[in-house]
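First the structure, in the form of structure tokens, and then the observations on it.
First the proteins, then the strands, lettered A, B, ... as listed; each starts at 1. Predicted model only: the values in this text are computed from it and were never measured. Computation of the quantities below employed the complete heavy-atom set of this structure, encompassing side-chain atoms and omitting hydrogens, waters and symmetry-equivalent molecules.
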Amino acid sequence: MGVKLVFLGRLADLTGVAEREVSAPLDWSTLLDALQGELGGWLASDKVKLAVNGTLLADKMALQANDGDEVALLPPVSGG
Amino acid sequence: MGVKLVFLGRLADLTGVAEREVSAPLDWSTLLDALQGELGGWLASDKVKLAVNGTLLADKMALQANDGDEVALLPPVSGG
Amino acid sequence: MKDVRLLADPFNPGQLVGPFTNAHPGLGGVCTFVGEVRGDDGVEALELTHYEPLTLAGMDALADAALARFDLMGILIAHRVGEMRAGEPIVLVSAAARHRRSAIQAVDFAMDHLKSDAWFWKREKRGGQWHWIDPRPEDHADLARWTS
Amino acid sequence: MKDVRLLADPFNPGQLVGPFTNAHPGLGGVCTFVGEVRGDDGVEALELTHYEPLTLAGMDALADAALARFDLMGILIAHRVGEMRAGEPIVLVSAAARHRRSAIQAVDFAMDHLKSDAWFWKREKRGGQWHWIDPRPEDHADLARWTS
């Protein structure tokens, strides 16, 4: 079943999709390999955060996702 | 027709009436003479202000009211 | 738009705020404060006395001061007078603005002034007896924040 | 009372604030801010994206933070998601309290956090093209006021 990636905000514009399935396990370096072409500098930027199954990662380089996990890629917010 | 006195807030409790007619002309000393018995220290207190025909007096001792004027006696406010 | 009212009868806040909001197309936000008569300490009733020639003119000047001080599209100030019971709305301030903080600050400003610097005299009935109410020390301190 | 909602469809502020107010008998006041989609700069539509697992949980934590920080009887936070047009309400915060300044400050606090510290992504359509919107520098400055 792999890992589900969810792209929020302008990151979805860059990938052209809101979600994508990648193979498990997924860590920071495999995520970089998979997406650096599409997301460029965004992925490594301090402004982009990661959440695994709804929990924000304090250090995104510590990413460890397995089969069935959902990883959200979160650019800077704006609301209100 | 004289001068109409209007008593607001607790001053109306002390006089027992909301309004009273007194003879014109009226100045600070005649007002004091007329009301000191009922209002005691209130009248001279900095906390009580006077308005003549809807205009607040900066210095109530400068009071000069004539026939047909309305003098309001205004204790400290509270609202909201 | 400036809308200032002294109301002798109970009012429904929504019936004032709805038309006020609709009167400002293009607004960014509306901040509204509604004060109600609290039902504490066995208060049976509350009465607000006003002095027409000063009270309404003072509220109007307060609305002008808020419009001058904050970046507003409009302000609505409505205040009850007469005898009220617990739970009845007693005061309503709404401010419409393009940006939220102007609206919020204008409401804060207007409420502080209505609370201790407007021509109202308030008394409460407890145990069948009327008692005059003075502003709390906090009310004076809140008001002093704006004199700068 | 804590009431936190993500709304996918247009809402009527009065229909949220009325029941919220009635749910707090004995309150002293209710402060409400309603933000609407501004119709400026030829904006044809606005879209708010959220991420369910974070957005609602974050709003709930914000409501808890406001309840802990201010002397409130209750707080209501409602936020639209999806596509909206100018004039539609996008956010509503109501705070009920015994004293007015707690209610006003809680609304100010919650709005500052919703504006630049909540999980929403906003874009506007102008001239048929979508543009992502970043928080304004003022929004970050407003938020920083509360970190003390």
Side-chain angles (χ1 to χ4, degrees), chain A residues 1-22 24 26 31 34-35 38-80, chain D residues 6-7 33-38 46-62 77-82 84 89-93 107-125 129-140 142-143:
Chain A
M1 52 201 297
V3 174
K4 180 161 93 173
L5 301 181
V6 180
F7 303 102
L8 277 305
R10 67 188 86 205
L11 301 186
D13 288 354
L14 296 172
T15 58
V17 295
E19 301 181 0
R20 181 184 299 168
E21 200 88 2
V22 295
L26 183 75
L31 185 71
L35 296 175
E38 292 161 279
L39 299 184
W42 276 107
L43 196 53
S45 152
D46 283 348
K47 294 185 170 181
V48 169
K49 298 187 190 313
L50 296 183
V52 179
N53 300 327
T55 300
L56 209 60
L57 295 185
D59 172 12
K60 65 186 173 187
M61 296 185 193
L63 172 69
Q64 291 292 348
N66 297 307
D67 258 346
D69 285 344
E70 178 169 306
V71 175
L73 292 90
L74 310 155
V77 301
S78 80
Chain D
L6 275 176
L7 304 170
F33 179 84
V34 178
E36 295 191 356
V37 179
R38 276 199 307 277
L46 182 145
E47 189 191 47
L48 269 188
T49 307
H50 71 295
Y51 179 56
E52 185 79 39
L54 287 181
T55 310
L56 192 58
M59 289 167 65
D60 197 70
L62 175 59
I77 300 179
H79 211 297
R80 269 295 304 279
V81 292
M84 286 152 269
I90 176 171
V91 59
L92 182 152
V93 175
V107 167
D108 200 19
F109 172 87
M111 280 304 309
D112 281 350
H113 285 78
L114 287 170
K115 199 75 188 180
S116 59
D117 190 33
W119 295 106
F120 293 104
W121 295 271
K122 188 201 287 193
R123 58 179 189 167
E124 290 176 350
K125 192 192 267 181
Q129 296 278 56
W130 286 104
H131 303 268
W132 292 100
I133 307 300
D134 290 317
R136 303 172 304 155
E138 305 95 283
D139 293 326
H140 293 301
D142 289 341
L143 182 62

Are more than 12 heavy atoms from other residues, nucleotides or ligands located less than 6.0 Å from atom CG of A/Asp59? yes
Please answer whether the main-chain N or O of D/Trp119 pairs with a side-chain N or O of D/Thr55 as donor and acceptor at a distance below 3.5 Å. yes
Toward chain A, the part of D/His113 with a non-hydrogen atom under 4.5 Å: neither
Identify the two heavy atoms, one from A/Ala24 and one from A/Val3, that lie closest to each other, and give their separation to 0.1 Å. CB-CG2, 3.8 Å
Okay, A/Asn53 and chain D: the region with an atom under 4.5 Å from a heavy atom over there is neither
Can you tell which part of A/Lys47 gets under 4.5 Å to a heavy atom of chain D, answering side chain, backbone, both or neither? neither
Donor-acceptor under 3.5 Å (A/Trp42 side chain, A/Val48 main chain): no
